2 protein chains.
Amino acid sequence: MQNTPITLKFLAEKLKMSVSTVSKALNNYPTINEYTKKRVQEMARDLHFTPNKSAINLKERKSRIIGIILPNLLDYFFTRSIYGVEQFAMKNGYNVIISQSHDELEKEIQLADMLLKSRVDGLIVAISKNTQDFSHLDQFENMGIPVVYYTRNPSFNLSCHKVLGNTFQGCYQATKFLIDRGHKKIAYLGGPKMINFTHDRFNGYINALKDNNVPFQAELVAYTDFDKENTVSAIQNLFNNSENMPTALVAFKEPILFDAIKYLKSINHPKFNEIECIGFGNTPFISYLDSPPIASIEENPESVGENAIKLLLQLINREIEIQDYQKIMVDCQLVVH
Amino acid sequence: MQNTPITLKFLAEKLKMSVSTVSKALNNYPTINEYTKKRVQEMARDLHFTPNKSAINLKERKSRIIGIILPNLLDYFFTRSIYGVEQFAMKNGYNVIISQSHDELEKEIQLADMLLKSRVDGLIVAISKNTQDFSHLDQFENMGIPVVYYTRNPSFNLSCHKVLGNTFQGCYQATKFLIDRGHKKIAYLGGPKMINFTHDRFNGYINALKDNNVPFQAELVAYTDFDKENTVSAIQNLFNNSENMPTALVAFKEPILFDAIKYLKSINHPKFNEIECIGFGNTPFISYLDSPPIASIEENPESVGENAIKLLLQLINREIEIQDYQKIMVDCQLVVH
DNA sequence: AATACCATTTCAAACGTTTGAAATAATTGA
DNA sequence: TCAATTATTTCAAACGTTTGAAATGGTATT
């Protein structure tokens, strides 16, 4: 049980040279003699020397910690996105602190404060569904700490870095797919209006209709949030008019689509078997459904996460100017089941 | 844009006193004059002073980082367990690095090395399904860094700290429930034999049968892993004997149970509607199934996670001796749908 | 008025690195 | 052989805290 970690000083004493020589040898300084370097590096390897991160961080005035705030880890999209972030962060010597806002603004503010105190070097955030005031996030940039908004972001604000799924394109594709299958009455079930992508997706839907000469009908559009009850009432609105019954449905999120399908089935909707559905997510649970959606929109969350961390690291390293606001889009794919 | 963080030195200069007085005032040393304390604390508050963690960690020879290795964040149990860990860790000033082994031993070894280099103060780990050699984890304890195994652990090894779901009790309860509903032929679908809880759950099943005078039949037991194909063939084995057809099924994990249900339905099993199923997990997707399990075993992952971090912090703070190996069990509940 | 005794504050070293400047050693050229 | 040049190593300060020991100032005791 070797309890005291190896330090530069210890190596220096063992090798009978100064701490700075050891440090420079390990960092491959050109002024250090090759033979010396070799001796130092071998000894460091043999003794399993690992530099003390706290010391380095103190010296470099960095924490090498990335903060990430997201609504919920139980959401399949966010969980997958984490993977992309972690992989790349680790590879670059950064650690990631993940924190969940549970889609509550108050909690988000708390977490932001906590992360600011933790002196994170950068922040990746997917805002809560009712974040409209951004002062708790702006304070990061005010202190020179870069922030990247991912997925959920303040759509009206151009002065921030964003990494988004190309949710317009995804929704366009899905709608087009349904049109190509002969549907004329395609309903659209959108999410909370506060969340930016709700509108992007709607625009994808609209544009697909327009480009394919399918008339838009306002009564085929309804909105819900993450609550089952609201979804059910939205679905009731969409399907209560026997004159103008939709034959297909595009929904902003898969678990919500499942709620919709379940409801339609539960009321024994007369044309249930003809209704073709598509939702965002491509969650694996689809395979267990008896009446699965005909297709899913794969959002490539890992890629969104990876792009976010890549951008953030570039900002941290000042490879991109902090005011040179970036917007990165990650395409979706339609996966037919 | 105030770019240089406030330091003790800065406060000291502003207040015209020494750095140590400021430090001690903030840490509420009894030797510091009350009025001085007040002045210092007020100034610290007004200037939003936050102590530099790297400096503190360096001084205290700690990283205040907890490492956590788990198979997969996409697994509902683990995702939920994280919540318990993070909450409690944060409250105590610790940050958590989450890393996924993807149930691969090699990756697990890599992650362990990475976390060791990150100088975590403690480790929480759910081992991969084929971890049998523990040298990569033992090295933590060899260096005085406490390790808590949670959920998945080396069952044969008593010399380690464990926090487990009381999976025996959960399975007992589920089996008992089915017996009480009149079932005599209850099948048990177990998980990978390498994972400890597979056996605990089996024992719960066996004991419930025994205690209720239901004869045990070896042909009603089959094992699978996380692969769908293996699940299907296990199910085929269980249900291929028309003489001795099970009427109920207890499965070690819910998504796998869903695979089983799906298969039975797909082959139009004659008694499908009579078969009553229970699995571990209580995943929310149950509500979307047409033929949902009759009940679920709720494993309380948050509580498991919280117990793990609590124990780990006690070990880190030497409130519990590192060799005083603990075993904590968290009870399950049967949730009838 | 000298001493002892508090209360309070400050000093100074330490944690483990990094790094420009200074020092030393080795080599070259005349 | 000596100065000049170059190669290599070491010094010393810094990053921002913490903390035991030492110093300071004041009050009480004799």
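Proteins come first, then strands; the chains are lettered A, B, ... in the order of their sequence lines, and each starts at number 1. Nothing here was measured: the structure is a model prediction, and the numbers come from that model.
If you take CG of A:N28 and C1' of C:dT18, they are 15 Å apart, rounded to a whole angstrom. The nearest whole Å value for the distance from the NZ atom in A:K53 to the C1' atom in D:dG16 is 19 Å. When the C1' atom of C:dA12 is taken as reference, atom NZ of B:K24 falls 11 Å away, rounded to whole Å. Rounding to whole angstrom units, CD1 of residue B:I32 and C1' of D:dT24 are separated by 14 Å. The interatomic distance linking B:K62 (NZ) with D:dT18 (P) rounds to 13 Å, in whole Å. The interatomic distance linking A:E13 (CD) with C:dT17 (P) rounds to 13 Å, in whole Å. Counting to the nearest Å, the C1' atom of D:dT8 and the CZ atom of A:R39 are 13 Å from each other. Between the CD1 atom of B:I6 and the P atom of D:dG16 there is a distance of 11 Å, rounded to whole Å.
The 12-atom threshold is exceeded at CD of B:E42, counting heavy atoms of other residues, nucleotides or ligands nearer than 6.0 Å. Other residues, nucleotides and ligands contribute at most 12 non-hydrogen atoms within 6.0 Å of the CD atom of B:Q132.
The side-chain contact (heavy atoms from CB on, under 4.5 Å) with A:P301 is formed by just one residue from the set A:F77, A:F78, A:Y76; it is A:F77.
The residue B:Y35 sits apart from the nucleic acid: no heavy atom pair falls under 4.0 Å. Among the atoms of the strands shown, base atoms are found under 4.0 Å from some heavy atom of A:T31. No contact: B:N57 has no heavy atom under 4.0 Å from any strand. No contact: B:S54 has no heavy atom under 4.0 Å from any strand.
Between A:N27 and C:dT18 there is a side-chain N or O to OP1 or OP2 distance below 4.0 Å. When the side-chain nitrogen and oxygen atoms of B:R61 are compared with OP1 and OP2 of C:dG16, one or more of them lie within a distance under 4.0 Å. Between A:S18 and D:dT9 there is no side-chain polar atom (N or O) within less than 4.0 angstrom of OP1 or OP2. A close approach under 4.0 Å does occur between a side-chain nitrogen or oxygen of A:T21 and OP1 or OP2 of D:dT10. Residue B:N52 places none of its side-chain N or O atoms closer than 4.0 Å to OP1 or OP2 of D:dT17. Not one side-chain nitrogen or oxygen of A:S20 sits closer than 4.0 Å to the OP1 or OP2 atom of C:dT18.
Ranking D:dT18, C:dT17, C:dT10 by closeness to the A:A55 side chain, first place goes to C:dT17. Out of D:dT9, C:dT19, D:dG16, the shortest distance to the side chain of B:T7 is found at D:dG16. Across D:dT17, D:dG16, D:dT10, the shortest atom-to-atom separation from the side chain of B:P51 is found for D:dT17.
Contact of B:K37 with C:dT8 (side chain to base): no donor-acceptor pair of N or O atoms is detected under 3.5 Å. A donor N or O paired with an acceptor N or O is found under 3.5 Å between the base of D:dT18 and the side-chain atoms of B:K59.
Between B:H161 and B:Y150, a ring centre-to-centre spacing not shorter than 6.0 Å is recorded.
When each of B:M17 and A:L58 is assigned the nucleotide of DNA chain C bearing its nearest heavy atom, the one mapping closer to the 5' terminus is B:M17. Of the two residues contacting DNA chain C, namely B:K16 and A:T50, the nearest-nucleotide position lying further toward the 5' end is that of B:K16.
Taking a cutoff of 4.0 Å between a charged side-chain nitrogen and a carboxylate oxygen, B:D103 and B:R152 qualify as a salt bridge.
In this structure, the side chains of A:V148 and A:K162 stay at 4.5 Å or more apart for every pair of heavy atoms.
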